[in-house]
Amino acid sequence: MALFGRRFWQRNAEGEKRSDMSSATQESVLAALGTVQDPELHKDIVTLGMVKDLAVAGGKVSLTVELTTPACPLKDQIKADVERALAPLGVTELALEFGAQVRGSKAGAGTTDLLPSVKNIVLVASGKGGVGKSTVAANLAVALQRHGASVGLLDADIYGPSVPILMGVNEEPGKVEVDDGYKLAPPVAHGVPVMSIGFFLERDQAVIWRGPMLGKALQQLMSDVHWGELDYLVVDMPPGTGDVQITFSQQLKCSGAVLVATPQDVALADVVRAKSMFDKVHIPIVGMVENMSYFVCDGCGKQHEIFSRGGAQRAADSFGVPFLGEIPMVSAIREWGDKGVPILAQEPDSPTGKAFLEAAARLAGQLSVASEAAEGAPGLKIVTT
Amino acid sequence: MAVPVEINHVKAQGIIRITWDDGYSCEYTKEYLRGYCPCALCQGHTAAVEKRFVEVPNVELDVIEPVGNYAIGFRWSDGHVTGIYTFDYLRSLCPRGECEKS
């Protein structure tokens, strides 16, 4: 239970004395809370239905603010705003707890939903290969899980399924009995259930499939896997704008895409193409991540901006999409990745670990914004008259 | 980019009426929509500027299905199902023409 700090107590010491005369009632507290805005959703927390378990007795108030994501980066601000709003009411004791109920953000006209038990589906994509998309996807998934959400990781990179290596998964998926037969049970690594097309391929064999074959395999990967209830499913996409992207855009209700880019011009040119593809299939870009932003010399600590830094931020600004963060280029990412441990799981307090945690929090915030928009969207009605 | 909010198949009149989120509405006859099917079978594999019309008299529309977030699929009585009509394409097909300008 989070009680107010000492300073609040001092400020209200006088109020405490006359707690019997406190003007706080259920109504007045609710009215005051109605002035507290969610900083991301730009609506007040009462209208958003975030105020739960409100109890007012004399000058004592207790409530839970149910955030739209456990990864909310703005808890402190909301807490301060609640304190400020309730101060004039003579509240002497405030018990404020935070809960979280992740909301779904699957937008758009589509009515087919292969994964109804998943609230948010995020495609991690890039215009070109080699930008560290799988590393970013794996670490974002683990970061969201560390923030307290239930997260799954789906590796759809058929040409180079690297998630099993990065997450250290050696076992094959199991079987789980469901209502009408069996489904695949994804192995769990670092707290995250993982499914990869790589589990079904023979070692060292290439995938040489044309579109229809691919579509079939991907559909199975989506519908025949028992994910259970998930707040977020992070999908590691293959690079580019091909068959896999088309299949996902047609078969899944996606919340949005995260574009991963390295900052040099030639890489950004391809990101524009990826952006344009997602625009065409009406999947919103929920953020951009700049990977390999800079290299920190382990000898002198100097930051070397090998691929020039800030390019993805500029691209995000020009697209009008949120920028989620810069991931530095450090050998630890590679070393731990090769051992099957996402760097975040190993070094959460390192600058790289923190960068991933912050990027994941910003992503979760963007998805909360998207869920708010999805709720207000009219949807598509198909009728025959 | 406009997005449809309602697709009404008015069977008695043989028309499909699409209402868009900007308030505009378009009406297409079933033969017209079938005729301008965007699939490669109907339009060819080239990125043709000109839209080809495939005449299928008295064709019936059996099923309307959304495709992802961006398109609509129609199942026609002649067994044809391969056309994926993106919202933008449907809007550009509007017989009233002003749609394109608005």
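Naming convention: chains lettered A, B, ... in sequence-line order (proteins, then strands); numbering from 1 in each chain. Here the structure is a predicted model, which is why all the values come from computation and not from measurement.
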Pairwise distance OG1(A:T384) to NZ(B:K11) - rounded to 0.5 angstrom: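 Between atom OG1 of A:T384 and atom NZ of B:K11 there are 6.0 Å.
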Atom pair CD1 (B:I64) and CD1 (A:I382), whose distance is rounded to the nearest 0.5 Å: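 Spacing of CD1 (B:I64) from CD1 (A:I382) equals 6.0 Å.
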B:N69 (side chain) donor-acceptor with A:I283 (main chain) under 3.5 angstrom: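 Flag not set: sc B:N69 to bb A:I283 has no pair under 3.5 Å.
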Can you check whether [X] reaches [Y] side chain to side chain, under 4.5 Å on heavy atoms?
{"X": "A:L380", "Y": "B:V3", "value": "no"}
{"X": "A:K280", "Y": "B:T86", "value": "no"}
{"X": "B:H9", "Y": "A:V383", "value": "no"}

Under 4.5 Å from a heavy atom of chain A, the part of B:I84 involved: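 B:I84 touches chain A through side-chain heavy atoms alone.
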